[in-house]
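For reference, the structure discussed in these notes is given below.
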Amino acid sequence: MNDFAGTSTLIRLALRRDRVLLPVWILVFVSMAAGSAKASIDLYPDVASRVEAANTSNSSPALVSLYGRIFDPSSLGELSLFKLTAFGALLVGLLGAMLVVRHTRAEEESGRLELLSAGVLGRYAALTSALVVSAGTVVVLGLLTALSLIGTGLPAAGSFAFGLTWIVAGLAFAGVGALAAQLTEGARTANGITAVVLGVSYILRAAGDSASDGGTAWISWLSPIGWAQQIRAYAGDRWLVALLPLALLGLLVTAAFALLRRRDVGAGLVRPRPGPATGAASLRSPLALAWRLHRGSLYAWGAGFLLLGFVVGNIASNVEGFVTSDSARDMVEKLGGVNGITDAFLSTEMGMLGLLASAFGIQAALRLRSEETALRAEPLLATGVSRYQWLASHVLMALLGTGVLVLVGGLGSGISSGASLGNMGRQVPRMLAAAAVQLPAIWLVTALVVLLFGLAPKLVIGAWALFGAFVLIGQFGPLFDLPQGLMDVSPYAHTPRLPGGDFSATPVVVLAAIAAALLLTGATTFRRRDIG
């Protein structure tokens with residue numbers, strides 16, 4: 001039998017399974033780029049304002065390490081999108097890798113691929129179909145992004161170069177995901193390996209870009225994200241640099257196919273370490289088991305939030321110089337909802353931390369469904385553990401985990417901004433409060449996952465689609481002057497804008513009450529439905 005037999009069937013199956021997720025994520029990325037470009041065109045009307053803003057950004061090590069260097073200070077396109085070049089490549093790379101893992105290792109872990117392999121299905125079919133779906137997604141995403149940027153008035157060549165930046169990053173890390181899927185028996189571990197590679201790549205790029213003397217700038221060339229950034233969209237459009245991540249893709253895919261021949265279906269090349277014969281005393285409750293399952297990702301997310309909080313706080317001391325024109329100040333204040341330019345920036349960034357924490361909440365709550373479909377929930381429920389206990393253990397980890405993340409991010413930004421502004425005693429409690437008010441909206445989104453899990457478990461992945469819609473409405477509604485009624489659909493629109501804004505307890509209480517009602521409804525419906 002041909003090793004690639006059944007590839008087209010698996011491609012159609014994958015596209016059917018992701019028929020909601022893929023369009024939503026493509027729409028999120030395209031809208032993010034187009035919205036940033038549209039908002040920036042009026043902010044920097046002349047070359048002088050662009051050069052001043054670009055020089056201010058390039059002189060801030062925190063900004064350069066976070067977003068990258070602006071290579072052409074006079075370029076409107078680069079100034080408009082420099083925040084989305086390296087950081088956007090990171091996100092697209094994560095999407096490309098996770099799609100490959102989702103349709104390879106996750107399918108093996110669940111046992112579905114073994115059932116399909118009993119039919120006419122070649123050994124390479126699953127990996128090939130996953131790579132095709134992942135590559136097709138990032139290519140469509142990059143092309144639509146380029147067309148949307150052209151539609152905002154930016155040059156066509158630079159727009160396609162920017163789209164290529166995202167495409168090659170997504171393809172390179174799709175190769176990383178393909179290789180990681182051969183090494184381990186668990187999809188979560190494979191995604192963890194990919195996340196570590198992404199993190200190291202971003203850190204290498206940041207270290208090279210922020211080198212003050214230029215002597216260690218070569219470090220950026222050790223990173224696939226650095227390669228993508230060196231295409232320099234709107235600042236020279238160096239197309240040949242794209243060959244580097246494409247060559248890496250070829251090497252990784254070749255290695256992945258070679259390793260695939262050396263292992264059995266469902267097995268990884270790195271065998272998991274056997275556990276003890278008897279469980280520890282610390283695992284004698286559903287909550288203890290849930291903590292054991294979630295703690296690894298919580299530690300990793302927590303470290304990232306602390307680091308991001310420090311970077312955001314450090315940038316706050318330079319934001320006055322970066323936002324020079326009156327229109328730019330109005331835009332930042334519009335996004336932040338407050339009058340003080342520094343507080344507006346911090347308020348906006350706290351909102352972004354809230355969105356990131358929501359992603360963790362969704363991921364943690366989705367563990368309910370993965371435990372159920374992997375048949376690990378049923379043996380637990382066959383003991384003295386009730387459905388409410390099992391559900392509550394994972395939900396509690398999701399709710400408390402998001403709380404820890406935003407507070408850690410708020411603490412880091414408070415310490416960093418307080419040290420930069422010379423008033424740490426005042427800034428730390430203000431930033432902790434700004435982080436805490438994000439929680440009701442985050443918990444409401446997490447509660448939507450629980451509601452879908454109880455009512456329609458097969459549609460629970462649709463929580464990501466709802467999250468994407470909330471992000472689009474919340475982030476770009478003020479920029480595009482959307483009707484207030486539409487913007488109010490997003491729970492994030494009702495979060496008080498702190499620090500610096502007016503605090504009202506009413507929206508916080510209402511959001512928390514809605515979240516509680518959704519959680520109760522989800523728990524009740526789960527109690528009444530069949531497992532599986």
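These figures come from a predicted structure and were not determined experimentally. The figures here come from the full heavy-atom set of this structure, side chains too, leaving out hydrogens, waters and symmetry mates.
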Could you tell me if the side chain of [Y] sits less than 4.5 Å from the side chain of [X], heavy atoms only?
X	Y	result
V28	W25	yes
Q229	T165	no
I193	V176	no
N55	V51	yes
V100	F173	no
L22	L99	yes
H103	R17	yes
L355	F470	no

Does [X] use its side chain to pair, donor to acceptor, with the backbone of [Y] at less than 3.5 Å?
X	Y	answer
S413	G309	no
S134	L131	no
T85	L81	yes
W239	D237	yes
R50	L79	no
R19	R16	yes
T7	F4	yes
S129	A125	yes
W166	L84	yes
T184	A180	no

Side-chain ion pair, E78 and R69, N-O less than 4.0 Å: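 Judged by the 4.0 Å cut-off on N to carboxylate O distance, E78 and R69 do not form a salt bridge.
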Hey, is R102 close enough to D18 for a salt bridge, meaning N to O under 4.0 Å?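 D18 and R102: salt-bridged.
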Determine whether T9 and L13 satisfy the following criterion, side-chain contact (heavy atoms from CB on, under 4.5 Å), listing intermediate values before the conclusion. CA-CA 6 Å; T9 301; L13 177 62; 5.6 Å; no
Return the minimal non-hydrogen interatomic distance between [X] and [Y], and the atom names on each side.
X	Y	value
A256	L127	CB-CD2, 4.0 Å
A435	G410	CB-CA, 4.0 Å
F162	A233	N-CB, 3.4 Å
L154	A37	CD1-CB, 3.8 Å
W227	V241	O-CG1, 3.3 Å
S223	L204	CB-CB, 4.0 Å

Find out whether the Lys NZ or Arg CZ of R369 is both under 6.0 angstrom from the six-membered ring centre of F453 and within 45° of the ring's axis.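 Not flagged: R369 not positioned over aromatic ring of F453.
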Could you state the interatomic distance from [atom1] ([X]) to [atom2] ([Y]), rounded to the nearest 0.5 Å?
X	Y	atom1	atom2	result
L452	L368	CG	CG	12.0 Å
Y202	L90	OH	CG	6.5 Å
L144	L149	CG	CG	11.0 Å
T145	I150	OG1	CD1	11.0 Å
R105	N191	CZ	CG	11.5 Å
L198	M98	CG	CE	10.5 Å

Under the criterion side-chain contact (heavy atoms from CB on, under 4.5 Å), I'd like the reasoning laid out for L405 against L298: C-alpha separation, chi angles, the key distance, then a yes or no. CA-CA 8 Å; L405 292 181; L298 182 59; 4.0 Å; yes
Under 6.0 Å between ring centres: does that hold for F87 and Y67?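 Not under 6.0 Å, so no.
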Pair L353, Q438 - check side-chain contact (heavy atoms from CB on, under 4.5 Å), show working. CA-CA 9 Å; L353 287 180; Q438 309 294 327; over 6 Å; no
What's the verdict on side-chain contact (heavy atoms from CB on, under 4.5 Å) for V20 and I461, showing C-alpha distance, side-chain angles and the deciding distance? CA-CA 9 Å; V20 175; I461 198 69; over 6 Å; no
Would you please classify the geometry between the Y124 ring and the F257 ring as parallel, tilted or perpendicular, with 30° and 60° separating the classes?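 Rings of F257 and Y124: perpendicular, as their planes differ by over 60°.
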Going by atom types only, do Y492 and S358 share a side-chain donor-acceptor pair under 3.5 Å?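 S358 and Y492 do have a side-chain donor-acceptor pair below 3.5 Å.
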Any side-chain donor-acceptor pair under 3.5 Å between Y234 and S159?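 Short answer, yes.
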Hey, which of L171, V168, I26, L143 is the one that makes side-chain contact (heavy atoms from CB on, under 4.5 Å) with V138?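 Among L171, V168, I26, L143, the one that satisfies the side-chain contact (heavy atoms from CB on, under 4.5 Å) with V138 is L171.
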